[in-house]
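Taking it in order: structure first as structure tokens, then the write-up.
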Number of protein chains: 2
Amino acid sequence: MRGFDQSLPMALLKAREAAMSRFRPLMADHDLTEQQWRVLRALAAVDDPIDVGELVDRTVLLGPSLSRILVNLDHRGLIDRTVAAHDQRRTLVSLTALGESLVSRVAPHSEEAYHQIETAYGTDRLHRLLGELSALETALATPPSPTRSTEGTP
Amino acid sequence: MRGFDQSLPMALLKAREAAMSRFRPLMADHDLTEQQWRVLRALAAVDDPIDVGELVDRTVLLGPSLSRILVNLDHRGLIDRTVAAHDQRRTLVSLTALGESLVSRVAPHSEEAYHQIETAYGTDRLHRLLGELSALETALATPPSPTRSTEGTP
DNA sequence: TATTGTTATACTCTATAACTATA
DNA sequence: TATAGTTATAGAGTATAACAATA
């Protein structure tokens, strides 16, 4: 087996850990977990309310995890949840004014941390890396070619 | 704030999630969590027993998490733990024959998944990406330059 | 009958602190 | 007094299944 250091998941984990160490203190200042912040940022990035299923995709969280996080953020007055008019099974989620205000307060510090990363690693280089990560995701999104041994198994 | 899609932590998370989806089934087949497998792989990658502190660094796990994982793997007969002769505070960890055998059984499937990733994304390209991730980690390992506003705070 | 979202349940990991033993 | 590791504790997320409401 290839070396542990050459493991792609491990390399991605370590890189992410290094990056998150710059952002985690900002979230802690506002009593937000990493996942809660992901939800708030995803909501801040869209203009219109989006449903829970779309949030699942954008935040890379499981449905049950997201459900509980939404309850939490709702209780804190940071988000609104309304039933969609055109399909009453769907829940539309959006930031409240309070939620937007919170994101706005964290944003400049987040931007500063990002700037530090660009300075340390290189702005263009970081941009290229993001492109490669996106390409990797696309390449892996295509399901693996089934091995003959399991093909046709019921 | 920059777009959610251009967030480095998010891009690393999604890429990792895409990669892990190829490996996770292999671990599930042997009732191993992702973290337990990280420990076994880290141990398989070294020739001599290593202490817990070194394992913490190599696996990117917290001490208490690792401690409990080691208890679990010990009970399953996959690892040995012995007190270091030169410093009795240290615990040296190594794979048992059973542990090595388990890693050996998983390895070929892991290698196959890796090969699929290389095929989908490109072998050289993947190699370059690993280099960039390592460089990013190094760049971020240097602590951020302190901002003037917090400098000198007791 | 299928889909959307929530709830139930069991398990694991995270994170911080406190503790034990050794240096 | 400092260090290595474990144990304690609280909290959150993961993962699967089951469920209610709607389509």
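By convention in this document, chain letters (A, B, ...) are assigned in the order of the sequence lines, proteins followed by strands, and residues within each chain are numbered from 1.
A heavy atom closer than 4.0 Å to some atom of DNA chain D occurs in Pro64(B), Ser67(B), Arg68(B), Arg81(B), Arg89(B), Arg90(B), Thr91(B), these being the qualifying members of residues 63-96 of chain B. Residues from residues 10-21 of chain A placing a heavy atom under 4.0 Å of any atom in DNA chain C do not occur. Near DNA chain D, defined here as any heavy-atom distance below 4.0 Å, the residues from residues 43-62 of chain B are Asp51(B), Val52(B), Gly53(B), listed numerically.
Judged by distance alone, with hydrogens and angles left aside, the side-chain atoms of Ser104(A) form a donor-acceptor pair with the main-chain N or O of Glu100(A) at under 3.5 Å. Counting only distance, with no hydrogens or angles, the side chain of Thr123(B) and the backbone of Thr119(B) share no donor-acceptor pair below 3.5 Å. No donor-acceptor pair under 3.5 Å is formed between the side chain of Arg81(A) and the backbone N or O of Val93(A).
Leu66(A) has its side chain within reach of Leu55(A): a pair of non-hydrogen atoms, C-beta onward, lies under 4.5 Å apart.
Remark: Thr33(B) is not in phosphate contact with dC11(C), judged by side-chain N or O atoms under 4.0 Å from OP1 or OP2.
The distance from atom CD of Gln36(B) to atom C1' of dA15(D) is 15 Å, rounded to the nearest whole Å. Taking atom CD of Glu34(A) as the reference point, atom P of dC13(C) lies 16 Å away to the nearest angstrom. Across the protein-nucleic acid pair, Asp31(A) atom CG and dG11(D) atom P stand 13 Å apart, rounded to whole Å.
Salt-bridge formation is detected for the pair Glu17(B)/Arg24(B): a Lys NZ or Arg NE/NH1/NH2 atom is positioned less than 4.0 Å from an Asp or Glu carboxylate oxygen. Classification of Glu132(A) and Arg128(A) as a salt-bridged pair fails, no side-chain N sitting under 4.0 Å from a carboxylate O. A salt bridge between Glu137(A) and Arg16(B) is absent, with no side-chain N of the basic residue lying under 4.0 Å from a carboxylate O of the acidic one.
If you check the side chains of Arg76(A) and Asn72(A), you find a donor sitting under 3.5 Å from an acceptor.
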**Report entry** Candidate pair Leu70(B) and Val52(B), rule side chain to side chain contact (heavy atoms under 4.5 Å, CB included), full reasoning
**Finding:** CA-CA 9 Å; Leu70(B) 292 178; Val52(B) 175; 4.0 Å; yes
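Enclosure of atom NE2 in His30(A) by more than 12 non-hydrogen atoms of other residues, nucleotides or ligands within 6.0 angstrom is indicated.
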